[in-house]
*Asks:* 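Here's a structure for you.
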Amino acid sequence: MLQLNYIRDNKDEVLKRLAIKNFKDAEAIINSVLEKDVERRNIQKSADDVKAEANQIAKQIGELMKVGKKDEAEKAKSKTGELKLKEKQFDEELKKIEAEIHQALVQVPNTPSLKVPAGKTPEDNEVVFEHGVKPTLHAKAQPHWELTTKYNLIDFELGVKIAGAGFPVYKGKCARLQRALINFFLDRATAKGYLEIQPPIVVNEDSGYGTGQLPDKEGQMYHMGIDNLYLIPTAEVPVTNIYRDVIVKESDFPIKNCAYTPCFRREAGSYGKDVRGLNRLHQFDKVEIVQIVHPDKSYEILEEMREYVAELLKELELPFRTLKLCGGDMSFASALTYDLEVWSAAQTRWLEVSSVSNFEAFQTNRLKCRFKDANGKTQLAHSLNGSALALPRIVAALLENNQTETGIKIPKVLVPYCGFEEIN
RNA sequence: GGUGAGAUGCCUGAGUGGCCGAAAGGACAUGUUUGCUAAACAUGCGUACGGGAAACUGUACCGAGAGUUCGAAUCUCUCUCUCACCGCCA
């Protein structure tokens with residue numbers, strides 16, 4: 001959620017930036033919010049004045065009672081009836097208008113950075129970096145969903161039997177490969193200064209609101225009604241919520257956390273499209289990196305995180321490209337997002353494996369994650385996160401790109417983690 | 001699942017109707033002093049939303065919501081959560 005004060009002071013810039021996101025009703029909503037804000041302040045002033053008067057009288061009555069002037073006390077009491085009525089009325093008005101402002105404000109997406117390219121669809125995303133050579137596969141090369149059957153690596157049908165579509169069962173060397181990837185990613189992250197966290201993989205409602213999954217996207221999460229808990233769609237949710245309602249020390253910046261968790265997504269509405277094999281799952285594994293930083297540093301750190309994820313892909317010897325998302329393809333909460341995509345040689349297409357975003361103060365405003373600056377003023381921190389990395393599509397690309405007629409080669413860096421060099 | 005206790009500021013913890021935005025201690029910050037990796041002393045130290053050029057000042061907040069009252073951290077009701085013990089169990 002954007003900060004009202006910020007909008008008030010920077011209206012033109014806010015509108016300019018929202019235009020990049022193709023947010024249609026920006027001007028209408030912002031104007032109405034600002035008008036209501038003026039009204040709100042007027043009402044609050046009136047309410048405060050009435051309350052101040054009532055408080056005064058109450059104090060006087062107390063003193064009169066103490067010295068035994070009962071008559072005068074009674075006289076003072078008679079005045080309070082009217083004040084109480086007014087107070088109630090103002091409070092209700094205030095509540096109403098605050099709700100309206102909030103309602104309008106939550107509809108407004110984060111203001112994109114001015115570096116975000118204009119555009120509406122994924123085709124408008126800007127390729128900022130490309131690395132590696134797309135491999136040429138042998139004549140009988142297969143997509144990963146056939147390779148996994150051939151080498152007995154993943155049983156999708158078994159997953160259907162146990163849970164449902166989108167819950168694969170990994171076996172043998174593939175299970176080991178998954179474990180290897182998780183450990184590799186965590187080792188690299190901790191070496192880079194990220195503190196490893198093992199968070200709960202269920203969260204309560206407050207946490208869902210904190211990172212913005214609720215109230216809008218609740219259909220995307222698995223909900224356990226009996227205890228009112230949600231399965232996390234990403235470690236971002238529990239890890240970022242560590243910093244909900246806290247005032248961190250400025251000297252603690254940058255706060256760097258990483259976490260491996262399974263992720264659960266209902267993916268409602270995406271049936272039938274690009275869902276073969278490992279491309280889109282209800283449950284998958286991911287290592288996430290999260291940073292809470294000083295506002296002045298967040299863009300510098302975003303680049304650092306993007307570079308870090310790119311390094312991982314280089315080490316895995318996967319061809320990849322980095323995209324700067326255009327206004328139309330960015331998420332609601334992001335101010336600037338890089339997507340990293342690996343080349344899937346048998347599918348001959350790019351697969352998104354990481355999304356690295358700077359949320360500026362959009363998320364921390366909702367979370368109330370603040371710090372005291374040098375002047376002793378509390379202000380919102382900036383939050384960033386990125387996948388580093390999501391497993392299934394990495395596995396898909398590894399299987400497809402590294403296949404030979406006799407087996408699948410494991411990248412060097414993973415061999416110590418896997419304990420084998422080839423799947424055959 | 002059963003029984004009991006509780007929810008106060010960054011933390012511990014006092015506070016049973018007006019003198020309480022809240023004692024005390026700790027932590028933290030600044031300064032002084034002695035010196036040495038620390039201690040002593042002094043001062044400061046909640047958050048949010050308003051008003052004001054500023055000094056300053058108004059209002060709200062003691063788990064959440066409602067109520068009683070001129071006046072509520074303190075009384076009543078509802079809800080949520082936490083802890084302890086027992087039972088069951090990884």
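Remember, it's a predicted structure, so these values are computed and weren't measured experimentally. Letters go in sequence order (proteins before strands), and every chain restarts at 1.
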*Asks:* Atom CD1 of A:Ile61 and atom C1' of B:C19: how far apart are they, to the nearest Å?
*Replies:* 17 Å
*Asks:* Which nucleotide, B:C70, B:A48, B:C49, lies nearest any side-chain atom of A:Arg40?
*Replies:* B:C49
*Asks:* Where the side chain of A:Ala58 is concerned, which of B:C70, B:U47, B:U59 is the nearest nucleotide?
*Replies:* B:C70
*Asks:* Could you tell me the separation between the CG atom of A:Asp48 and the C1' atom of B:A60, rounded to a whole number of Å?
*Replies:* 8 Å
*Asks:* CG of A:Asn204 versus P of B:U82: gap in Å, rounded?
*Replies:* 9 Å
*Asks:* Nearest to the A:Lys95 side chain among B:G46, B:A66, B:A48, which nucleotide is it?
*Replies:* B:A66
*Asks:* Measure across A:Val108 and A:Phe23 and return the closest heavy-atom pair with its distance rounded to 0.1 Å.
*Replies:* CA-CZ, 4.1 Å
*Asks:* Base, sugar-phosphate alone, or nothing: which one does A:Ala76 contact when heavy atoms must sit under 4.0 Å apart?
*Replies:* nothing
*Asks:* Using atom C1' of each nucleotide, how far apart are B:G4 and B:A22 to the nearest Å?
*Replies:* 29 Å
*Asks:* If I take atom CD in residue A:Gln56 and atom P in nucleotide B:G58, what distance separates them, rounded to the nearest angstrom?
*Replies:* 9 Å
*Asks:* If you measure from the P atom in B:A55 to the same atom in B:A64, how many Å do you get, rounded?
*Replies:* 31 Å
*Asks:* Applying a 3.5 Å limit to both distances, which nucleotide forms a Watson-Crick or G-U wobble pair with B:C62?
*Replies:* none
*Asks:* Relative to the ring of A:Phe362, is the ring of A:Phe332 parallel (under 30°), tilted (30 to 60°) or perpendicular (over 60°)?
*Replies:* perpendicular
*Asks:* Is the ring pair A:Phe264/A:Tyr222 parallel, tilted or perpendicular, if the boundaries are 30 and 60 degrees?
*Replies:* perpendicular
*Asks:* Return the nucleotide paired to B:U32: Watson-Crick means purine N1 to pyrimidine N3 with N6-O4 or O6-N4, wobble means G-U with N1-O2 and O6-N3, both under 3.5 Å.
*Replies:* B:A40
*Asks:* Output, in order, the C-alpha distance, side-chain angles, deciding distance and verdict of side-chain hydrogen bond (donor to acceptor under 3.5 Å, both in side chains) for A:Asn204 and A:Tyr230.
*Replies:* CA-CA 6 Å; A:Asn204 57 25; A:Tyr230 295 86; over 6 Å; no
*Asks:* Just call it for A:Ile57: base, sugar-phosphate, or nothing, with non-hydrogen atoms closer than 4.0 Å on any strand.
*Replies:* nothing
*Asks:* Using Watson-Crick or G-U wobble geometry with both distances under 3.5 Å, which nucleotide pairs with B:C85?
*Replies:* B:G2
*Asks:* Both distances under 3.5 Å, Watson-Crick or G-U wobble: report the partner of B:G50, or none.
*Replies:* B:U57
*Asks:* Which of these nucleotides, B:G67, B:G50, B:C70, is closest to any side-chain atom of A:Lys88?
*Replies:* B:G67
*Asks:* Return the 5'-most residue of the pair A:Glu98, A:Lys84 with respect to RNA chain B, ranking by each residue's nearest nucleotide.
*Replies:* A:Glu98
*Asks:* Tell me whether the side-chain N/O atoms of A:Asn55 come closer than 4.0 Å to OP1 or OP2 in B:G71.
*Replies:* no
*Asks:* More than 12 heavy atoms of other residues, nucleotides or ligands under 6.0 Å from NZ of A:Lys150: is that the case?
*Replies:* yes
*Asks:* Under a 3.5 Å limit for both distances, which nucleotide forms a Watson-Crick or G-U wobble pair with B:U16, could you say?
*Replies:* none
*Asks:* Can you tell me how far C1' in B:C49 sits from the matching atom in B:C10, rounded to whole Å?
*Replies:* 23 Å
*Asks:* Round to the nearest Å and state the distance from A:Lys59 atom NZ to B:U69 atom C1'.
*Replies:* 17 Å
*Asks:* Ignoring backbone atoms, test whether A:Arg8 places a side-chain nitrogen or oxygen under 4.0 Å from the OP1 or OP2 oxygen of B:G50.
*Replies:* yes
*Asks:* Can you tell me, in whole Å, how much space there is between the C1' of B:U69 and that of B:C77?
*Replies:* 16 Å
*Asks:* Would a line drawn from the ring center of A:His294 to the ring center of A:Phe371 be shorter than 6.0 Å?
*Replies:* yes
*Asks:* If you only use heavy atoms from C-beta on, which nucleotide in B:C49, B:C70, B:U47 is closest to the side chain of A:Thr80?
*Replies:* B:C70
*Asks:* In this structure, how many angstroms lie between the P atom of B:G18 and the CD atom of A:Gln60, rounded?
*Replies:* 18 Å
*Asks:* Between A:Lys51 and A:Ala54, just flag the one whose closest nucleotide in RNA chain B comes earlier from the 5' side.
*Replies:* A:Lys51
*Asks:* Reckon A:Thr378 touches a base, only the sugar-phosphate, or nothing at all at heavy-atom distances under 4.0 Å?
*Replies:* sugar-phosphate
*Asks:* Does A:Lys368 NZ have over 12 foreign heavy atoms under 6.0 Å away?
*Replies:* no
*Asks:* Take atom P in B:A24 and the same atom in B:C83, then report the distance between them in whole Å.
*Replies:* 31 Å
*Asks:* Between B:U78 and B:A84, how far apart are the P atoms? Round to whole Å, please.
*Replies:* 26 Å
*Asks:* Would you mind pulling out the nucleotide paired to B:A90, Watson-Crick or G-U wobble, both distances under 3.5 Å?
*Replies:* none
*Asks:* Specify the separation, in whole Å, of atom CD of A:Glu39 and atom C1' of B:G50.
*Replies:* 16 Å
*Asks:* Classify A:Asp49 by what it touches in the nucleic acid, base, sugar-phosphate, or nothing, heavy-atom distance under 4.0 Å.
*Replies:* nothing
*Asks:* Please determine, for the side chain of A:Asp37, which listed nucleotide (B:G50, B:G18, B:A66) has the closest atom?
*Replies:* B:G50
*Asks:* Rounding to an integer number of angstrom, what distance separates B:G71 and B:C19 when you compare their P atoms?
*Replies:* 14 Å
*Asks:* Starting from P on B:C49, measure out to NE2 on A:His102 and report it in whole angstrom.
*Replies:* 14 Å
*Asks:* We want to know whether A:Asn385 and A:Gln291 form a side-chain donor-acceptor pair, criterion being a heavy-atom distance below 3.5 angstrom.
*Replies:* no
*Asks:* Roughly how many Å apart are B:A7 and B:U16, using the P atom of each and rounding to a whole number?
*Replies:* 13 Å
*Asks:* Mind checking who B:G21 pairs with, Watson-Crick or G-U wobble, both distances under 3.5 Å?
*Replies:* none
*Asks:* Applying a 3.5 Å limit to both distances, which nucleotide forms a Watson-Crick or G-U wobble pair with B:C75?
*Replies:* B:G67
